[in-house]
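Below, chain A is the first sequence line, B the second, and so on; all start at residue 1.
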Amino acid sequence: MNARVQSAPFDLAAEMRGFGEGAGAVVTFCGIVRDDSGRMTALEIEHYPGMTERALNDYGQEAAGRFDLTDWRIIHRYGHLAVGEQIMMVATAARHRRAAFDAADYLMDWLKSRAPFWKREIAHDGSGEWVEAKTSDEEALARW
Amino acid sequence: MNARVQSAPFDLAAEMRGFGEGAGAVVTFCGIVRDDSGRMTALEIEHYPGMTERALNDYGQEAAGRFDLTDWRIIHRYGHLAVGEQIMMVATAARHRRAAFDAADYLMDWLKSRAPFWKREIAHDGSGEWVEAKTSDEEALARW
Amino acid sequence: MTLDILYFAWLRERVGQPRERIETEAATIRDLVAELAVRDEWHAAAFADMSAVRCAVDQQLADLDTQLAGSREVAFFPPMTGG
Amino acid sequence: MTLDILYFAWLRERVGQPRERIETEAATIRDLVAELAVRDEWHAAAFADMSAVRCAVDQQLADLDTQLAGSREVAFFPPMTGG
């Protein structure tokens, strides 16, 4: 039942050890840096120290109440992340499958649009471009 | 890209090592034996040897095509499983988050209603009762 | 034709055996069920409520109208409860 | 009142600094933005299109009508792109 913000890599496998004991269903989501354009070598992720960890903990606790979670974990990285590196993970544990799925989905929608992170795509030539927020992410949040 | 049917426990953490490399999003679901009634000590899971593994591979391949998965894995156990033990897991990897979530959700709906497993709840006194299929599981499948 | 008939879960318990080999001329699953159900009281109990029975032909899910020509194995079982 | 103003991502780049401390009597974020935007051309560029600017007051998401009384820290940034 906690959120962490860190520049260091995390080990999804290690994080899952012992997670959700006593639950009936555990869902994890892991996001990985992906080069869609063919021009990108890395992401640089800026965040708002002080606010970030508290915001993630708030969203996690809100989701825990809303979906009756027995456990949850959020890890989000910042700094320089090469293509192929893990960016973040969410894990949710609940008595029933639907709640665990929905809570993970819900947390991802919150993180996409409401967690104070900003991504910059770093190209092969070293130039960087800020990633624009997607209207579809904002719409996804309105589902809940 | 494979399905396994086994009586032995599996290690979710070990299964996730290296899974979905090159993807943008990885989702896992893990089901755990849960005692809802307060009278249960274990599940006994019967299956249809010969048909089961092939059916799971068929569903996995179908989902891979439908959701453009870059990787997937299904593991389902049978035999005597005590409360707290892991029953099964599904993992999906895709370029985008929505596809990975939907594919895992879809596979779970198929497994619930179309994979040849039958559960019996074993009570403290050793008596057993077959678990009845839920109408809600059948309805969930009709969503897709 | 010779068919292996398999039973799972409570159908296996009602019939009293996990499998049997039979000779039949049944054209469809429906015909086969009609033959099996009159074998004895155990088979009759297993097939008493067909709304609770599912089946597979040669390890593929099937329904009552599925044709049996060329098949080797038919399985009967309750609605599945995987996951 | 004394306020710490923080800028992130391209707002930080346009303003040319990550934070500044100011004295203000602004009642709301809207008033504060009006004050900051006329400081110099860099601030003007940062606040040119408010539809692309989000803000937080004391590390809680806020909007243009949020009251500033008693606040200590205000942050401006583009729409977030986490996850």
Any idea which heavy atoms bring B:F29 and A:A25 closest together, and the distance? CE1-CB, 3.6 Å
Count the heavy-atom pairs under 4.5 Å between each of B:V27, B:V33, B:L12, B:T28 and chain A, then report the option with the highest count. B:T28
Is it true that B:D105 and B:R98 make a salt bridge, defined as a side-chain N closer than 4.0 Å to a carboxylate O? no
Check this for me: does any side-chain nitrogen of one of A:R143 and A:D102 sit under 4.0 Å from a carboxylate oxygen of the other? no
Part of residues 34-43 of chain A lying next to chain B, heavy-atom separation under 4.5 Å: A:R34, A:D36
Could you tell me whether A:R4 and A:E53 make a salt bridge, using a distance below 4.0 angstrom between a side-chain N and a carboxylate O? no
Determine the option with the most heavy-atom pairs under 4.5 angstrom with chain A, choosing from B:R97, B:E21, B:R95. B:R97
Residues 122-133 of chain B, side-chain donor-acceptor partners within the protein, below 3.5 Å, at least two apart:
{"from": "B:D125", "atom 1": "OD1", "to": "B:S127", "atom 2": "N", "distance (Å)": "2.9"}
{"from": "B:D125", "atom 1": "OD1", "to": "B:S127", "atom 2": "OG", "distance (Å)": "2.7"}
{"from": "B:W130", "atom 1": "NE1", "to": "C:E13", "atom 2": "OE1", "distance (Å)": "2.8"}

Nearest heavy-atom contact between A:F19 and A:E15 is CB-O, 3.9 Å
Spell out the residues in residues 77-93 of chain A that have some non-hydrogen atom less than 4.5 Å away from a non-hydrogen atom of chain B, in order of number; otherwise answer 'none'. none
What is the distance from atom CH2 of B:W110 to atom CG of B:D58, rounded to the nearest 0.5 Å? 10.0 Å
Approximate separation, where rounding is to 0.5 Å, of B:F117 CZ and B:K119 NZ: 9.5 Å
If you round to the nearest 0.5 Å, how far is CZ of B:F67 from CD of B:E62? 8.0 Å
Mind checking salt bridge (Lys or Arg N to Asp or Glu O under 4.0 Å) for A:R114 and listing every partner two or more places apart, or none if nothing turns up? A:E138
